[in-house]
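The sequence lines fix the lettering, A, B, ..., with proteins before strands; numbering per chain opens at 1. For clarity, every value in this text was computed on a predicted model and none was experimentally measured. The figures here come from the full heavy-atom set of this structure, side chains too, leaving out hydrogens, waters and symmetry mates.
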Amino acid sequence: MDVSTIIAPLNDAQRLAVSAPNQAMLVLAGAGSGKTRVLVHRIAWHIKINQISPFHILAVTFTNKAANEMRERIENMLEISARAMWIGTFHGLAHRLLRQHVEQAKLPANFQVMDSDDQLRLIKRLLKNLNIDETKWPPKQVQWFINAQKEEGIRARHMHESGDFYQRQMLTVYKAYEDLCDRSGLVDFAELLLRAHELLRDNEDLLHFYRQRFQQVHVDEFQDTNTIQYAWLRLLTEGNDNLFVVGDDDQSIYGWRGAKIENIFNFQKHYPNHQVVRLEQNYRSTGHILKAANTLIANNEARMGKELWTDAGEGLPISLYSAFNEQDEAYFVVEKIKQWVNDGGLRRDVAILYRSNAQSRQFEERLMTTGTPYRVYGGLRFFERMEIKNALAYLRLANHHDDDASFERIVNTPTRGIGAKTLDDMRILAREQNLSLWQASVRMLDENRLPPRAGNALKGFLNLILQLGGETLELPLHETVKLVVEKSGLIELYKKEKQDKGEARVENLEELVNAARLFDADSLNEENLSEVDLFLTHAALEAGEMQGEVDEDCVQLMTLHSAKGLEFKLVFMVGMEEGLFPSQQATDDPGRLQEERRLCYVGITRAMEQLYLTHAESRRLYGKDNYPRPSRFLREIPPESIQEIRLRAQVTRPAATFNSTLGNSTQTAGRYRMGQSVRHEKFGEGVVLQTEGEGDQKKVQINFRNAGIKWLMLAYAKLETL
DNA sequence: TACCGTAGAATTTTT
DNA sequence: TTCTACGGTA
């Protein structure tokens, strides 16, 4: 393979990035500008042109999906195995480091990874133990606090006792949490990163080794890195100038989760010899769409600056529809989708994007009644489902008796007569004697501390776990899982549950056995784990797909956040209203508002051919009617790129639609029907929401742009239709 | 232990 | 409005 095969399919900017000499590099890759391609080709360049062994290459991503895709594309392109190359997520790679150096990382050899749900449960239990009132100290908030500290690299011992009451309380919990995790051999997501950072920072020989090993370090979605992730990258590369990062400050939408967009700016300070390359040619969207995106995002401050362009032509203008209410909005969108399909379009090329999950319902209902297949993203993923987590807890406890989190989870699931009293006693004993719950129950049984019934029940449970642990030693993984699922009694439990739900759970458990069968244990076993532990880690680190792969051609419904990285021919961005998007909480904070704007930018740039923006004049939210003003983002898009879909164009629509959705036939009558724009002498412009009464008694409710919502008597109000 | 009623909350979620 | 978590009761 020679230079041209790697370089030929690239544009100038891409080439510049791919073939640059070894130095720190910041690639600002606009949406749809081929950033993965640049990463893949850059790595290919190192391997084929610079003769760097894959062994010496590191590539970090945020999602498993991105990591898998990158590995695959490199292997296909170079026709080599990329086994030796470290490609993975920050968390996956951190985990691998910790496993390979458990001792130096000061972890037990069989440490287990907790997902956020496990973590939350652990915190809840901890608060109970510490007698801390959960209503005053919400576990979620505690969890957030702890993770935020870890992401900043702060341990409990680094914190001062002297803070305010809140700080001191949080610190107490943080300390206790650290102790509990250490004692139970549990590691949460943030801990993986923090500990991996400390591991390298505090072990000079190790750091030296990995700095030598990773001659070229590549990072995807750099704008999403948090403090500790960036610190880890710096440890590995600073001074060597061998850090190649790709990102887009305009697509940073996870600030609320700790992502530091500043890392992009800091990069330029920390790597003074860096080079910046901008990828601005867009291969995805039409001119109108890009113009809208560019103009909108120009309203943000402190950008690196970038302007997307295309040579693909203007395309269709963006359509804007003002719906009466959220039902009309759904109606409109689904009508347009039906048209698209009638014109030969595929449903899978269509996406409905919204700010918050709650908005999906209207669309689902409408899609359902029209018989349009659809798929909603979000919600629980496979390994996060209750029944799966229960089954995995059995598996875990059978292999790690001292895992208290798993113990608590399943000790009485299904119910086996181990009640609150028994458990309380057990917890007290465990705390006093510094034992695990397992050890505590063994002792209680040994010392005959329990009434016969509870004692027998507990004995039964311990035996079950022992049996599962013992019998499964010799079995292949999927047989082990099968045994666990069957003997645990979970299947029976869910069979009894309400029809459809229980059935789904049983199916999921069966699917779990299947997943274990398909699990390719030796694919990445550098960690020297048992097959079971490897599977458990896999479950924690890769929560799995949202739903099983449904190949059916269906409309895609998802939040703007989950749409990042995807593209669709036809995109609907719905609920473009103040208070919804931008969300209420963001409106008074300039920083958060800019993040909302970036989210809007992400949404717009998902569209390849056609983009619809919709908002509703009236929206029922949490049981209350709201009359939101159109989103400011709509005004930030150049009018010449927008085509408003006028109500007049809708006259062919059967009046029954409005009636059935609003349930009041008077509302379509007369000059002042819903949606009619009017002007009032004093209140200015507004939109009719509904009417009531007849003759001189007729009243209209109007949402005035500036004066708010008012009821007016038609006979007196001087209204002018627009 | 299981079921019911009610209070209270209700962006976004790569790992 | 709708969902969840919790506390009370059978």
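- Donor-acceptor pairing under 3.5 Å is recorded for the side chains of A:Q556 and A:Y377.
- In this model, the phosphate group of B:dT15 is not approached by any side-chain N or O of A:S116 to a distance below 4.0 Å at OP1 or OP2.
- A:D248 and A:K564 are not joined by a salt bridge, as no carboxylate oxygen comes within less than 4.0 angstrom of a charged side-chain nitrogen.
- The interatomic distance linking A:K421 (NZ) with B:dT1 (P) rounds to 14 Å, in whole Å.
- Cation-pi geometry between A:R284 and A:F568 is not met at under 6.0 angstrom from the ring centre and within 45 degrees of the axis.
- Per the geometry, OH belonging to A:Y377 stands 18 Å off P belonging to B:dT12, to the nearest Å.
- Across all strands, A:E595 comes closer than 4.0 Å to no nucleic acid atom at all (heavy-atom distances).
- Between the side chain of A:N64 and the main chain of A:L541, a donor-acceptor pair closer than 3.5 Å is present.
- Nucleotide B:dT12 holds its P atom 10 Å from the OH atom of A:Y354, rounded to whole Å.
- Within the structure, the salt bridge (Lys or Arg N to Asp or Glu O under 4.0 Å) test picks out the following pairs touching residues 598-607 of chain A (sequence neighbours left out): A:E595-A:R598.
- Distances from the side chain of A:T415 to the nucleotides B:dT15, B:dT12, B:dA2 place B:dA2 closest.
- Rounded to a whole Å, the OH atom of A:Y601 is 24 Å from the P atom of B:dT12.
- With B:dT15, B:dT1, B:dT13 as the choices, the nucleotide that has an atom nearest any side-chain atom of A:Y254 turns out to be B:dT13.
- Nearest nucleotide to the side chain of A:T63, out of B:dT15, B:dT1, B:dT12: B:dT15.
- Put simply, the side chain of A:S583 reaches to within 4.5 Å of the side chain of A:R355, judged on heavy atoms.
- Distances shorter than 4.0 Å separate none of the side-chain N or O atoms of A:R381 from OP1 or OP2 on B:dT13.
- Between chain A and DNA chain C, the heavy-atom contact criterion of under 4.0 Å yields a 5' to 3' nucleotide range of C:dT1 to C:dT2.
- Summary of the strand contacts: A:R416 and A:E221 both lie near DNA chain B, and taking for each the nucleotide with the nearest heavy atom, the more 5' one is attributed to A:R416.
- Distances shorter than 4.0 Å separate none of the side-chain N or O atoms of A:S562 from OP1 or OP2 on B:dT12.
- A sub-4.0 Å separation between OP1 or OP2 of B:dA10 and a side-chain N or O of A:N357 is absent.
- Nucleotides B:dT12 and C:dA5, compared at atom C1', are 23 Å apart to the nearest Å.
- In this structure, CZ of A:F382 is placed 16 Å from P of B:dT15, rounded to the nearest angstrom.
- Of the residues A:E152, A:H197, A:E262, the one that meets the side-chain hydrogen bond (donor to acceptor under 3.5 Å, both in side chains) test with A:T227 is A:E152.
- In this structure, the nucleotide among B:dT12, B:dA2, B:dA10 sitting nearest to the side chain of A:Y622 is B:dA10.
- Atom CZ of A:F383 is separated from atom P of B:dT15 by 13 Å (rounded to the nearest Å).
- Remark: side-chain polar atoms of A:E365 are not paired, donor with acceptor, to backbone N or O of A:Q362 under 3.5 angstrom.
- Among the atoms of the strands shown, base atoms are found under 4.0 Å from some heavy atom of A:D224.
- Both A:L541 and A:G419 lie near DNA chain B, and the one whose nearest nucleotide falls closer to the 5' end is A:G419.
- A:I253 places its CD1 atom 9 Å from the P atom of B:dT13, with the value rounded to the nearest Å.
- A:N412 has a side-chain polar atom (N or O) that falls below the 4.0 Å cut-off from OP1 or OP2 of B:dT1.
- Taking atom CG of A:L120 as the reference point, atom P of B:dT15 lies 19 Å away to the nearest angstrom.
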